[in-house]
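Excluded from the calculations below are hydrogen atoms, water molecules and symmetry mates; all remaining heavy atoms, backbone and side chain alike, are included. Keep in mind it's a predicted model, so treat the numbers as computed, not measured.
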Amino acid sequence: MTTVIVQLPDPRPTAPSERRFARLPRPPRGAPPGRPALLHLGPGDTAAFGRGEPGRPPAVPIPDPGVSRRAGEITAAEDYWRLSNFSATATYVVENLEGAGEHVKVAPGRLGAPVPFEISRILLPAHGEPVAFKVFAPQHAYLDAGSAESDGECTVSPFALDPTAKYFLVLLALCEPRLRSPSAAVVPGATEVVARLRELPACRDLSRSAVNYHIDYLVGSKLRLRDPVEPADPGGKREELVALALRFDLVREEHLVLLPPRRGG
């Protein structure tokens, strides 16, 4: 039974937008196009990756001089996989390709680090730009709706947010830069939120003071931040809101359709 699929690095040239994720040799001139090579692993199977040693080619070859000969190993489990980092100096990063910047770091020498993502990309430091390959785990299993119900009082949701409410749009506009690019450092200010939402019919009369009111409402009533920042530091208040919302997936990429289309794409 196959549980994990490894997509071997593509030796073909990558598109300009993807060159930061892959740095591999070009195929022979005139080579016909083909599908990505896949490696199927069953429970307990392992696949080594790296440059390879004389007479011992790895299952996942990465012919980059900056990658160790025996860089690491993937081990398939039932519905997830583990990553071992055999490097003495390099940290590997596993990105969740279905998340908004969610990732795990696997430190040098770490063995059997569990990876919980269904669709992942492993990034390895290389001689120049990072190299990468993908790993696909089985679809995760979840409880059926209502299967966990029991007698007694109902559980109250700790974060009851209404995606149709104006405060949610304000929160979404605050989180948008980091949803689109996890490396974005600056959280929008009230003026930027007003400009971002003004094209929506429900927000045509939105003002800076109204945005700040919604932020205070989120902080004090909806998300109830335990350690409120100083009133004189509105930027810190926005930072805490965004951090909490993204940490618990209260605002997700799928919510971005609620915002007006961005100008210029």
Side-chain angles (χ1 to χ4, degrees), residues 15-21 93-104 116-121 123 134 139-140 142 145 156-229 231-265:
S17 62
E18 297 176 345
R19 284 177 187 158
R20 66 189 181 98
F21 298 122
V93 177
V94 183
E95 297 179 326
N96 179 10
L97 293 182
E98 297 182 304
E102 189 178 11
H103 67 277
V104 295
F117 311 139
E118 291 185 30
I119 305 178
S120 309
R121 174 167 47 206
L123 291 171
K134 297 176 183 177
Q139 184 174 3
H140 294 169
Y142 294 92
V156 179
S157 173
F159 303 125
L161 299 181
D162 179 3
T164 66
K166 196 173 294 186
Y167 69 75
F168 187 87
L169 293 173
V170 169
L171 180 61
L172 179 57
L174 292 173
C175 295
E176 181 185 19
R178 291 185 185 173
L179 280 173
R180 297 190 185 277
S181 175
S183 61
V186 179
V187 174
T191 301
E192 295 168 294
V193 171
V194 169
R196 184 70 182 97
L197 298 179
R198 185 157 285 168
E199 293 182 24
L200 295 175
C203 297
R204 285 175 183 163
D205 60 347
L206 191 67
S207 64
R208 290 183 74 257
S209 60
V211 168
N212 288 326
Y213 169 82
H214 289 300
I215 290 173
D216 288 338
Y217 177 64
L218 286 162
V219 169
S221 300
K222 302 303 292 185
L223 303 186
R224 300 181 303 280
L225 294 180
R226 294 182 180 277
D227 299 312
V229 296
D233 183 17
K237 190 182 300 185
R238 296 194 304 271
E239 285 277 357
E240 291 216 19
L241 273 178
V242 169
L244 180 67
L246 296 181
R247 183 179 301 125
F248 290 101
D249 284 340
L250 306 180
V251 174
R252 301 179 296 278
E253 283 183 291
E254 63 202 58
H255 291 129
L256 291 174
V257 297
L258 300 175
L259 296 175
R262 294 192 299 175
R263 295 179 181 176

**Student:** Does the Tyr167 side chain pair with the main chain of Asp162, one donor and one acceptor, at a distance under 3.5 Å?
**Tutor:** yes
**Student:** Has the side chain of Glu102 got a donor or acceptor atom that lies under 3.5 Å from a matching backbone atom of Glu95?
**Tutor:** no
**Student:** Could you tell me whether Arg247 and Glu240 make a salt bridge, using a distance below 4.0 angstrom between a side-chain N and a carboxylate O?
**Tutor:** no
**Student:** Could you report the tightest heavy-atom contact between Lys166 and Cys203, atom names first, then the distance?
**Tutor:** CG-SG, 4.1 Å
**Student:** Supply the atom-to-atom distance Leu206 CG to Arg198 CZ, rounded to the nearest 0.5 angstrom.
**Tutor:** 7.0 Å
**Student:** Check this for me: does any side-chain nitrogen of one of Lys237 and Asp216 sit under 4.0 Å from a carboxylate oxygen of the other?
**Tutor:** yes
**Student:** Step by step, work out the salt bridge (charged side-chain N to carboxylate O under 4.0 Å, His left out) result for Arg238 and Glu192.
**Tutor:** CA-CA 13 Å; Arg238 296 194 304 271; Glu192 295 168 294; over 6 Å; no
**Student:** Can you find a heavy atom in the side chain of Leu200 that is under 4.5 Å from one in the side chain of Leu197?
**Tutor:** yes
**Student:** Work out which heavy atom in His255 is nearest to a heavy atom in Leu250; give both atom names and the distance.
**Tutor:** CE1-O, 3.7 Å
**Student:** Give a yes or no on whether Lys222 atom NZ has more than 12 heavy-atom contacts from other residues, nucleotides or ligands under 6.0 Å away.
**Tutor:** yes
**Student:** Is the backbone N or O of Cys175 less than 3.5 Å from a side-chain atom of Arg178, with the two atoms forming a donor-acceptor pair by type?
**Tutor:** no
**Student:** Could you report the tightest heavy-atom contact between Pro260 and Glu199, atom names first, then the distance?
**Tutor:** CB-OE1, 3.8 Å
**Student:** To the nearest 0.5 angstrom, please state how far the CG atom of Leu244 sits from the CG atom of Leu241.
**Tutor:** 7.5 Å
**Student:** Between Leu169 and Val193, does the side-chain contact (heavy atoms from CB on, under 4.5 Å) criterion hold? Intermediate values first, please.
**Tutor:** CA-CA 9 Å; Leu169 293 173; Val193 171; over 6 Å; no
**Student:** Looking at Val211 and Val170, what are the two nearest heavy atoms and their distance?
**Tutor:** CG1-CG1, 4.1 Å
**Student:** Checking side chain to side chain contact (heavy atoms under 4.5 Å, CB included) between Glu176 and each of Leu256, Val242, Val187, which is the one that passes?
**Tutor:** Leu256
**Student:** Please tell me if the side chains of Leu171 and Ile215 come closer than 4.5 Å, counting only heavy atoms from C-beta onward.
**Tutor:** no
**Student:** Flag the pair Glu253 / Arg180 as yes when at least one side-chain heavy-atom distance between them is below 4.5 Å, and no otherwise.
**Tutor:** no
**Student:** If you compare all heavy atoms of His140 against all heavy atoms of Pro116, which two are closest, and at what distance to 0.1 Å?
**Tutor:** CE1-O, 2.6 Å
**Student:** On the 0 to 90° scale, with breaks at 30° and 60°, tag the Tyr217-Tyr213 ring pair as parallel, tilted or perpendicular.
**Tutor:** parallel
**Student:** If we only count heavy atoms from C-beta on, is the Leu223 to Leu161 side-chain gap below 4.5 Å?
**Tutor:** yes
**Student:** Give the minimum heavy-atom separation between Pro177 and Leu174, together with the two atoms involved.
**Tutor:** CD-O, 3.6 Å
**Student:** What do the steps show when you test Ser120 against Asn96 for side-chain contact (heavy atoms from CB on, under 4.5 Å), and what is the final call?
**Tutor:** CA-CA 5 Å; Ser120 309; Asn96 179 10; 5.9 Å; no
**Student:** Looking at Gln139, I'd like to know if its CD atom is crowded, meaning that more than 12 non-hydrogen atoms belonging to other residues, nucleotides or ligands lie closer than 6.0 Å.
**Tutor:** no
**Student:** Measure from the ring center of Phe168 to the ring center of His214 and say whether it is less than 6.0 Å.
**Tutor:** no
